[in-house]
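Per chain, numbering begins at 1; letters A, B, ... match sequence-line order. Only this structure's heavy atoms are used, side chains among them; waters, hydrogens and symmetry mates stay out.
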2 protein chains.
Amino acid sequence: MNIKEIAKLAGVSKSTVSRVLNNSSLVAQDTRKKVLDIINESGYLPNSIARSLKVKKTKTIGVIVPDIGNPFYFEVLRGIEKVLDKKGFNIMLCNSEYDEEKELRYAYLLAAKKVDGIICAPCSESSKAVQNLCKWGIPFVVFDIPQVNLATNLVVVDHSECSYLAAKHLLENGHTNILSIDVPNPQKIESKFVLGYLKALREYNILPKPELIQKASPDITGGYSIIKKLNNQKVYFTGVITICDLVAVGVYKAAKKLGLKIPDDLSVVGNDDIPLARYLNPPLTTIRQPKYPLGFRSAKLLLSQIESKSGTEPYDCTQGQPTIIKLGVRLIQRCSVKRRN
Amino acid sequence: MNIKEIAKLAGVSKSTVSRVLNNSSLVAQDTRKKVLDIINESGYLPNSIARSLKVKKTKTIGVIVPDIGNPFYFEVLRGIEKVLDKKGFNIMLCNSEYDEEKELRYAYLLAAKKVDGIICAPCSESSKAVQNLCKWGIPFVVFDIPQVNLATNLVVVDHSECSYLAAKHLLENGHTNILSIDVPNPQKIESKFVLGYLKALREYNILPKPELIQKASPDITGGYSIIKKLNNQKVYFTGVITICDLVAVGVYKAAKKLGLKIPDDLSVVGNDDIPLARYLNPPLTTIRQPKYPLGFRSAKLLLSQIESKSGTEPYDCTQGQPTIIKLGVRLIQRCSVKRRN
DNA sequence: TTTTGTAATGGGAACGGTACCAAAAAATAT
DNA sequence: ATATTTTTTGGTACCGTTCCCATTACAAAA
């Protein structure tokens, strides 16, 4: 069933049917009604893929995140969805699983599918996918991880501030041997997270110990295995800061296994403030990320980019100043940190 | 940049370019190389939307769930993604937010976008969306909620078994005043969840009390507010079974607020076994749903349906026997239930 | 009556691919 | 050298819309 058949049934041309479909004003009242009736009783639904081909708009946005299983990204997604849905955009969700190769494949796929724009949380600071997005002239915004060497529109949080706040909180509570669990990064340069950690240590005149600067996959098993490993190596620490709450959960799990009490034997401060952080045992002290706003602002930014795009020309991401939106974080004190003397 | 321009640059016809794109065997080695070179250096990417229009396949699957925020659905989604990704399908994710109207809108949208198939967890047992999917001839499978009066392909768990197991566990532990928190359903008939609960009571010769059969929205606030409400009304119960772990979390929250200790003052058994259930305080005893398998099997089933579809004709969901896959559940005992005498 | 203007409709060329069929070129057989 | 087969290529209709342009119908003005 297509527009031509509807036209024939209604005894009009397909131009006219198209006009009622897009409710153009220049179609007579009774013609419109007649066509509408035919459409309803036939169960016809317009092929938006054909439409997209013609109008060069798909009304869909691609979203690439490393792990939707992580409540952090999920909350961001909610923010994104909120604004896009209101504007009639659909979301094509892609889960890169922290795999650069997969991320790139998805970017390619979304580009080929001619999505109107892309929101991406790349796995690394020099994401090949983002570079390509730029090259292909697709409107996009990246969040969470800033891109190096690329003037992209950005919605971020300062990761160094998170770790700084977290470490400082532990230092203020008398901890001096603090383990930092970051996510592995392929870059040679020290990550922002470690930088913030080091800054806090410096302020307290504490020399960083290399064995306390660790990396793990950003999930429960990541946190779990790092604690187990360090325990085997007899590395000493009384506090932990983690790159995300999920690895804090892993730390909890390991602590339980090893018979370590939190916060008595081990203090931990997470990062994200996922919804379930307050229900953990004990409730997790953490740095709250503006998750929903991150998504909300990213989507808004992308939409403005799409709207400003002139006609059908590809979007040139190098022209004009990139917009950079930096959102704040704050410490949420709960019960996973204990004062030491 | 389109196929025609590439053809011109390579000095061949667009047929030939199309052939190398779809790596057809009947193109000479050096022609192929020449075309490939041009493609690479020009950064051309084929428009899959145009392709889809012609071949009548989009290689994308629509997924409609009531709440991706619920780890239950998320786990299902992972299962879906696993099989679809391997077969080169993309996922278009839609969040109906337990809103029938929104669910229907999404179904329409996905149909218009000509997705190759749809996996749907409808909000109700007589989803208008599912009925339409049937009418429109789109391959689909529904999971989690069976459809009444509609012979659809199904991947489900017996909800009555879940509540039966949960209630029985409490009964075995000496509880006689058990609160059942179900999700509101628009149907007149008693829900499966309540049915299983009643069955367990009957086996123990306990008369059901209407005030202990409650409904709440399937999220944290739902569980929270129902407990608060019943507490105000001085309704007495020592055990709770919930339709999902998220409302159990809400129960925890309310208990804390009201100074009730779990499990000493209140025993609770959840349903789903979300990843964080074991990390709650106390760890939640719950009925484990086969979440990942639910998604995995649904996707497999859908794929087989799509593959068996002959050519371009719409899929007729009334012909042939529907496949119904029923998966089992089991009780996971943790620490939220206490024995009473 | 003829002209002019406006509202409503139809015709047909795109959009960017695919795929069938025919034609040309190259390889092989006669 | 010609006939035949096989390999490689080009031409073009089509997928289902939109949208520009032309045409028609009809009312109001000249």
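- Between D:dT18 and A:Ser18, a contact under 4.0 Å exists linking OP1 or OP2 to a side-chain N or O.
- Side-chain atoms of B:Gln147 come within 3.5 Å of backbone atoms of B:Ser127 as a donor-acceptor pair (strictly under, hydrogens ignored).
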**OP:** Any chance you could lay out the salt bridge (Lys or Arg N to Asp or Glu O under 4.0 Å) test for A:Glu75 and A:Arg78, step after step, and finish with the verdict?
**Re:** CA-CA 5 Å; A:Glu75 281 290 306; A:Arg78 282 211 9 240; 3.1 Å; yes
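- For A:Asn2 and D:dG16, the shortest distance from a side-chain N or O to OP1 or OP2 is below 4.0 Å.
- Here A:Ser52 lies out of heavy-atom contact (under 4.0 Å) with every strand.
- Comparing C:dG16, D:dT17, C:dT9 against the side chain of B:Ala50 picks out C:dG16 as the nearest.
- Atom pair B:Asn22:CG and C:dT18:P shows a separation of 5 Å (rounding to whole Å applied).
- Closest to the side chain of A:Ser15, from the set C:dG12, D:dG10, C:dG17, is C:dG12.
- If you take CD of A:Glu5 and P of D:dG16, they are 8 Å apart, rounded to a whole angstrom.
- Contact annotation: the side chain of B:Asn22 approaches that of B:Arg51 to within less than 4.5 Å [non-hydrogen atoms, C-beta and beyond].
- A:Ser48 comes within contact range of no nucleotide atom at all, as no heavy-atom separation falls under 4.0 Å.
- Counting only heavy atoms from C-beta on, A:Lys54 has its side chain closest to C:dA14 among C:dA14, C:dG17, C:dT9.
- Nearest nucleotide to the side chain of A:Lys14, out of D:dT9, C:dG12, C:dT18: C:dG12.
- Between B:Asp85 and A:Tyr106 the shortest side-chain heavy-atom distance falls below 4.5 Å.
- Taking atom CD1 on A:Ile3 and atom P on C:dG10, their separation rounds to 12 Å, with Å as the unit.
- Here the options are A:Leu84, A:Ile80, A:Leu93, A:Asn90, the test is side chain to side chain contact (heavy atoms under 4.5 Å, CB included), and the partner is A:Ile61; only A:Leu84 passes.
- Interatomic distance, CD1 of B:Ile138 versus CG of A:Leu45, reported as 6.5 Å (0.5 Å rounding).
- Annotation for A:Tyr73 and A:Asp67: closest pair CD1-O, 3.4 Å, computed over non-hydrogen atoms.
- Atom NZ of A:Lys57 is separated from atom P of C:dC15 by 16 Å (rounded to the nearest Å).
- A:Ser13 places a side-chain heavy atom less than 4.5 Å from the side chain of A:Thr16.
- Following rounding to the nearest Å, A:Arg51 (CZ) and D:dT17 (C1') show an atom-to-atom distance of 8 Å.
- Distance CG (A:Leu53) to C1' (D:dT18): 10 Å, rounded to an integer number of Å.
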Original post:
Where along nucleotides 21-26 of chain C does protein come under 4.0 Å, by heavy atom, of base (B) or sugar-phosphate alone (S), with - for untouched nucleotides?
Top reply: ------
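- For the pair A:Leu26 CG and D:dC19 P, the computed distance is 12 Å after rounding to whole Å.
- Across the protein-nucleic acid pair, A:Gln29 atom CD and C:dA8 atom P stand 9 Å apart, rounded to whole Å.
- Using a 4.0 Å heavy-atom cutoff across all strands shown, A:Lys4 reaches no nucleic acid atom at all.
- Checking C:dG16, C:dG11, D:dG10 against the side-chain heavy atoms of A:Ser13 singles out C:dG11 as nearest.
- Under 4.0 angstrom from either OP1 or OP2 of D:dT18 there lies no side-chain N or O belonging to A:Lys56.
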